Amino acid sequence: MTSAEVQQFGVLSELFAEAIAFRRPASIAILGIAGGNGLDWIDSKMTGRVVGLDVNPLYLDAVRSRFSHLSGLELHCINLAEQLVELPPVELVHAALVFEHAGTGLCLDNAVSLVANKGALSIVLQLPTTAGQNVGRTGFASIQRLASHFSLIDPMQLRETLAERSFQLAFESRRSLPADKEFWMGIFVRK
Ligand SMILES: C[S@@+](CC[C@H](N)C(=O)[O-])C[C@H]1O[C@@H](n2cnc3c(N)ncnc32)[C@H](O)[C@@H]1O
């Protein structure tokens with residue numbers, strides 16, 4: 001792994017910790033859990049149910065072996081862009097760099113449906129680089145169902161889409177990375 005990748009994982013992990021500190025959830029779902037980056041922040045005394053979802057079964061196997069000690073760990077192999085999630089809701093849904101892969105069609109519906117009443121949805125998006133793309137809306141793909149490649153999502157447009165579903169932005173932060181890369185995290189709460 002390159003040092004830039006290590007740094008990126010570190011930043012994603014810290015953003016996950018911020019989302020946990022914001023909501024202090026008794027239950028949490030991680031969309032696109034990958035290898036379980038940041039799961040060490042979960043305190044089993046506070047969070048008794050941890051739901052991990054990913055399309056890649058090998059990632060889920062890795063999480064199962066690394067984090068079997070986490071209480072209430074449930075892992076589900078699912079394509080969030082194509083299959084409906086039918087699980088009891090949780091107090092915090094965290095989705096970091098997932099919508100860029102899975103689009104904001106059914107994947108966003110799934111995220112919203114997993115959020116319990118008074119729950120929160122934390123979303124991490126990659127922003128366009130100032131060098132390569134416009135920072136304005138033209139740098140983003142439109143919010144629509146996308147194929148499984150990586151397409152940037154406009155935080156402002158996502159915010160508008162979520163407002164229509166009664167989710168209000170309660171917290172946001174930005175983190176810079178090498179090579180002009182930048183992440184944005186928004187935490188939305190159900191109004
Ligand atoms: C960039 S990684 C996520 C990084 C991770 N959330 C973190 O904080 O380090 C994207 C993850 O989303 C998963 N993914 C991509 N498309 C998906 C889909 N349609 N349904 C479910 N998971 C998907 C990938 O397998 C991968 O594990």
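Note that ligands are numbered from 1 as they come in the structure, with each ligand's atoms numbered from 1 the same way. Bear in mind that the values here come from a model prediction, so they are computed numbers and not experimental data.
Here's the thing with His101: none of its N/O atoms is less than 3.5 angstrom from an N/O atom of ligand 1. For Asn56, no nitrogen or oxygen atom sits less than 3.5 Å from a nitrogen or oxygen atom of ligand 1, counting backbone and side chain alike. Of the N or O atoms in Ala102, none lie within a sub-3.5 Å distance of an N or O in ligand 1. On a distance-only criterion, Leu53 and ligand 1 share no N/O pair closer than 3.5 Å. The shortest N/O to N/O separation between Val98 and ligand 1 does not fall below 3.5 Å.
Asp109 and Arg165 are joined by a salt bridge, as a carboxylate oxygen and a charged side-chain nitrogen come within less than 4.0 angstrom of each other.
For the side-chain contact (heavy atoms from CB on, under 4.5 Å) with Thr161, the qualifying choice from Ile153, Leu108, Asp154 is Leu108, the only one to do so. Each of Leu92, Val189, Leu162 was evaluated against Leu121; a single residue qualifies, Leu162, per the side-chain contact (heavy atoms from CB on, under 4.5 Å) test.
Every atom of ligand 1 is numbered from 1 in the order shown, and the set under 4.0 Å from a heavy atom of Leu97 is 1 (C), 10 (C). Ligand 1 places these atoms under 4.0 Å from at least one heavy atom of Ala34: 27 (O). Counting the atoms of ligand 1 from 1 in the order shown, those under 4.0 Å from a heavy atom of Ile78 are 20 (N), 21 (C). Short contacts between ligand 1 and Gly32, defined as distances under 4.0 Å to a heavy atom of the residue, involve ligand atoms 3 (C), 5 (C), 6 (N), 11 (C), 12 (O), 13 (C). Taking every non-hydrogen atom of Asn79 and a distance limit under 4.0 Å, the qualifying atoms of ligand 1 come out as 18 (C), 19 (N), 20 (N). Near Ala81, the atoms of ligand 1 lying under 4.0 angstrom from a non-hydrogen atom of the residue are 19 (N).
Hydrophobic clustering keeps Tyr59 apart from Val55 (ILVMFWY residues linked when any side-chain heavy atoms are closer than 4.5 Å, directly or through intermediates). Follow the hydrophobic side-chain contacts under 4.5 Å out from Leu97 and you never reach Ile20; the two are in separate clusters.
When non-hydrogen atoms are compared, ligand 1 lies under 4.0 Å from the side chain of Asn37 (C-beta onward) but not from its backbone. Under 4.0 Å from ligand 1, not a single heavy atom of Phe16 appears.
The side-chain heavy atoms of Leu15 and Arg175, taken from C-beta on, include a pair separated by under 4.5 Å. In this structure, Arg190 and Val115 have side chains that are in contact, with non-hydrogen atoms separated by less than 4.5 Å. Between Val50 and Ile30 there is a side-chain heavy-atom pair separated by less than 4.5 Å. Using a 4.5 Å heavy-atom threshold, the side chains of Phe188 and Gln168 count as separate.
When the heavy atoms of Ile33, Leu12, Asp54, Leu15 are ranked by distance to atom 27 (O) of ligand 1, first place goes to Asp54. If you check each of Leu80, Leu60, Leu39 against atom 20 (N) of ligand 1, the one with the closest non-hydrogen atom is Leu80.
Taking the six-membered ring where the residue is Trp, Phe150 and His101 present perpendicular rings, their angle passing 60° and hence far from 30°.
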